There are 2 protein chains.
Amino acid sequence: MQEPTLLLLTALADEPRHGYALMQEVVEISNGRVRLRTGTLYGALERLQREGMVRVEREEVVDGRARKVYALAEPGVTALAEETARLRAVATEAERRLALRPGLKGATA
Amino acid sequence: MQEPTLLLLTALADEPRHGYALMQEVVEISNGRVRLRTGTLYGALERLQREGMVRVEREEVVDGRARKVYALAEPGVTALAEETARLRAVATEAERRLALRPGLKGATA
DNA sequence: CTACATATATCGGTGACCGGCATATGTCTG
DNA sequence: CAGACATATGCCGGTCACCGATATATGTAG
């Protein structure tokens with residue numbers, strides 16, 4: 001799973017949101033680092049629906065603009081929980097190994 | 001950065017290793033989940049060298065077999081440290097949001 | 001001598017993501 | 001009213017990391 005997908009699922013984790021709101025939410029979650037393009041967003045949303053991770057909760061019309069509200073399906077909840085556990089484990093191992101490095105650029109001497 | 005690359009950098013984080021050893025190390029780090037193909041390994045190694053993340057530490061011949069020993073370069077150390085920090089932050093946020101979910105499938109009632 | 005572990009490397013295909021474009025409505029400013 | 005901008009969704013072509021297969025070569029086990 002790549003970062004854009006991970007951030008998308010995270011943005012849907014607490015409550016259902018529509019596409020444009022997801023783009024803004026991802027910017028916040030990533031501290032402005034990641035700005036999803038619409039191509040990535042709707043492409044990923046379609047793919048995640050095919051995979052059963054995400055479903056369309058409902059369709060609204062607000063101010064004459066059509067909206068699709070997306071929600072995490074159960075497999076999406078499970079997948080996100082497993083992915084975060086995996087990432088945390090790898091991050092911990094990476095940091096452990098980095099601390100084990102011999103040459104710390106002049107330090108420890 | 002994708003998971004194969006992250007695992008590769010992690011496998012190099014504590015000390016230099018040659019290609020085949022990296023494949024085995026990645027299997028261990030990922031608890032057998034990820035098995036790097038040689039195409040992925042040597043392709044990624046070349047790319048990471050181009051990007052200045054990894055360098056060839058030395059070349060050996062052991063038992064008549066040639067080896068290239070790769071090491072993390074400074075930019076690679078920095079990149080790995082930043083990546084793990086980012087991933088940890090996203091993982092924490094994802095778990096916070098998952099805990100916030102209203103419908104916990106019959107629980108909490 | 002056959003099979004397998006060690007060890008490196010190349011090549012073609014797939015698919016996620018990016019960048020750009022298209023479309024449409026509401027609001028704000030001049 | 002015109003133009004710019006935020007809101008909102010969607011398609012299409014290109015790139016590039018990764019996968020799967022193949023090739024090469026040596027040492028060891030059966």
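Sequence lines set the chain letters: A, B, ... in the order given, protein chains first and strands last, and positions in each chain run from 1. If you're wondering where the values come from, they're calculated on a predicted model, not measured in any experiment.
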What is the distance, to the nearest angstrom, from the CG atom on B:Leu41 to the P atom on C:dT6? 14 Å
Using whole Å, report how far OH of B:Tyr20 lies from P of C:dT6. 4 Å
Report the distance from atom CG of A:Leu45 to atom P of D:dG10, rounded to the nearest whole Å. 9 Å
B:Gln24 vs C:dA5: side-chain N/O to OP1/OP2 distance below 4.0 Å: no
In whole angstrom, give the distance that lies between atom OH of A:Tyr42 and atom P of D:dA8. 9 Å
Rounding to an integer number of Å, can you tell me how far B:Leu8 CG sits from C:dT8 P? 12 Å
With a 4.5 Å heavy-atom cut-off, do B:Thr5 and B:Arg47 have their side chains touching? yes
For the pair made of NE2 in B:His18 and C1' in D:dT26, what is the distance, rounded to whole Å? 14 Å
Contacts of A:Val62 and B:Val62 projected onto DNA chain C by closest heavy atom; the upstream (5') one is B:Val62
Are B:Ser30 and A:Arg86 linked by a side-chain donor-acceptor pair shorter than 3.5 Å? no
With side chains defined as the heavy atoms from C-beta onward, is the minimum distance between B:Glu46 and B:Tyr42 less than 4.5 Å? no
More than 12 heavy atoms from other groups under 6.0 Å of CZ on A:Arg35: no
Counting C-beta onward and ignoring hydrogens, is there a side-chain heavy-atom pair between A:Thr84 and B:Leu87 closer than 4.5 Å? no
Reading nucleotides 15-24 of chain C 5' to 3', which nucleotides get B (base under 4.0 Å from a protein heavy atom), which S (sugar-phosphate only), which -? -SSBBB----
Checking all strands, does A:Glu59 fall into the base, sugar-phosphate, or nothing category for heavy-atom contacts under 4.0 angstrom? nothing
Taking the side chain as every heavy atom from C-beta outward, state whether B:Leu48 and B:Leu8 have any atom pair closer than 4.5 Å. yes
Base, sugar-phosphate alone, or nothing: which one does B:Ala21 contact when heavy atoms must sit under 4.0 Å apart? nothing
